[in-house]
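Counting convention: from 1, in listed order, for ligands and their atoms alike.
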Amino acid sequence: MTTPTFDFDTVIDRRAIPDEKWARYAGRDVIPMWVADMDFATPQVILDALHARIDQRVFGYAGAWPSLVEAVVDAIARDHGWRIAPDWLVWLPGVVTGFNVACAIAGEAGDGVLTATPVYPPFLHAPANTGRTLQAVALVEDGARWAWDWDAVDATLDARTRMWLLCNPHNPVGRVFTPAELDTIAERAERHDLIVCSDDIHCGLVLDGAHTPIAARSEAIARRSITLMAPSKTWNIAPLYASFAIIPDAALRKRYQRAMRGLIPHPNVLGLVATEAAYRHGEPWRHALLDYLRGNREHVVDAIAALPGLRTTRPEATYLAWIDCRDAGLDDPATFFEAHGVGLSDGRAFGAPPGFVRLNFGCPRGTLEEGLRRMGAALTAR
Ligand SMILES: Cc1ncc(COP(=O)(O)O)c(C=O)c1O
């Protein structure tokens, strides 16, 4: 059997395709390396499934069908060693939707939702969207990686805390939390009687080690967990809008579904088609992607280490690098690099102090090298 080869090097001109990532810099010579959206073509197995569905010519309302559910259940067992029951699945149009619904059932108005910063910005807004209070705890960098400050966690958890909103693997710091870290979270959840809502959207993008869903650690933590997953980040199909929550406890699942009623639409039917194709047939492409991203990661880590005043840790997952520019003497690094042709995400939106940026390295190697070259030239030319 021959191993299929995949092309991640060819640059697709996205300027002709309406989208957020490239439209932000329309008409300007700025390489967009911000929003978590890769510049690679969606794998052919997914495109083929979408074409076949379109060729059927009729789009009826559709919930998840049996072979789709089977593909998801099998993939979670295959990839994460977690055997879920089909009826634990609750289908959603998006993961952000999913954790906003979770906040809505976490205690009552005013109750607390704990999350670790820096974090994907919608985590910071979800508690207030549903009348809850954000309880943010800063992760700490120990020189090599970002980790939990358990004393700060314990000082933040209080009688009003009702939910732990976890991001695992973590955007933007790229951590894949270890079983020991997850067990510590589970122990605190038990002690404070919390729901744990874990956004595992990046779980297919683990570069080192393996992803463990917190709910897979024990039956006790499974009973208080809402795990959110989607094929969207891994196979770059986020705008097809299909994701799911896994809620093992029947009572918690019912509360969650009740909170969705009348507000949350079904996923897009083409997203569901893509989901089945991704989990059934997308593994060879995903493995090739991970190899390519590991190569890109090394370029980023080496290039950033060589730039004066910039530091980063090695992301264990995702295609995102979190860069500390505080020693570079820049007032506003995102604006500075944008003025020199590289569009990064400003770390302040992630609840970080000034001086951080996030770089998306999910792009052809040549694009990445040019972006890193521009960053270096910008710093040298000051
Ligand atoms: C941690 C995390 N959760 C959720 C999302 C977006 O999910 P969705 O588009 O399904 O709402 C992203 C997108 O970057 C993300 O990084």
Novice: Decide if the gap between the ring center of Trp285 and the ring center of Tyr292 is smaller than 6.0 angstrom.
Specialist: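 Distance test on ring centres: not under 6.0 Å, no.
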Novice: With a 6.0 Å cut-off (strictly less than), is the heavy-atom count around CG of Asp331, excluding the residue itself, greater than 12?
Specialist: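 Incorrect, the count does not exceed 12.
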Novice: Suppose we screen for salt bridge (charged side-chain N to carboxylate O under 4.0 Å, His left out). Which residues come up paired with Arg374, at least two apart in sequence or across chains?
Specialist: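 Residues passing salt bridge (charged side-chain N to carboxylate O under 4.0 Å, His left out) with Arg374: Asp29, Glu370.
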Novice: For the rings on Phe40 and Phe8, is their centre-to-centre separation under 6.0 Å?
Specialist: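 That pair passes the under 6.0 Å test.
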Novice: Considering only heavy atoms, which protein residues lie less than 4.0 Å from any atom of ligand 1?
Specialist: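 Lining ligand 1 at under 4.0 Å, by heavy atoms, one finds Ala36, Gly94, Val95, Val96, Tyr120, Cys167, Asn171, Asp199, Ile201, His202, Lys233.
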Novice: Can you name the residues that form a side chain to side chain contact (heavy atoms under 4.5 Å, CB included) with Asp158, not counting sequence neighbours?
Specialist: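 Asp158 satisfies side chain to side chain contact (heavy atoms under 4.5 Å, CB included) with Gln135, Arg160, Thr161 only.
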Novice: Ignoring hydrogens and angles, write down the donor-acceptor pairs under 3.5 Å from the side chains of residues 85-110, residues two or more places apart or on other chains.
Specialist:
from, atom 1, to, atom 2, distance (Å)
Asn100, OD1, Asn129, ND2, 2.9
Asn100, ND2, Val96, O, 2.9

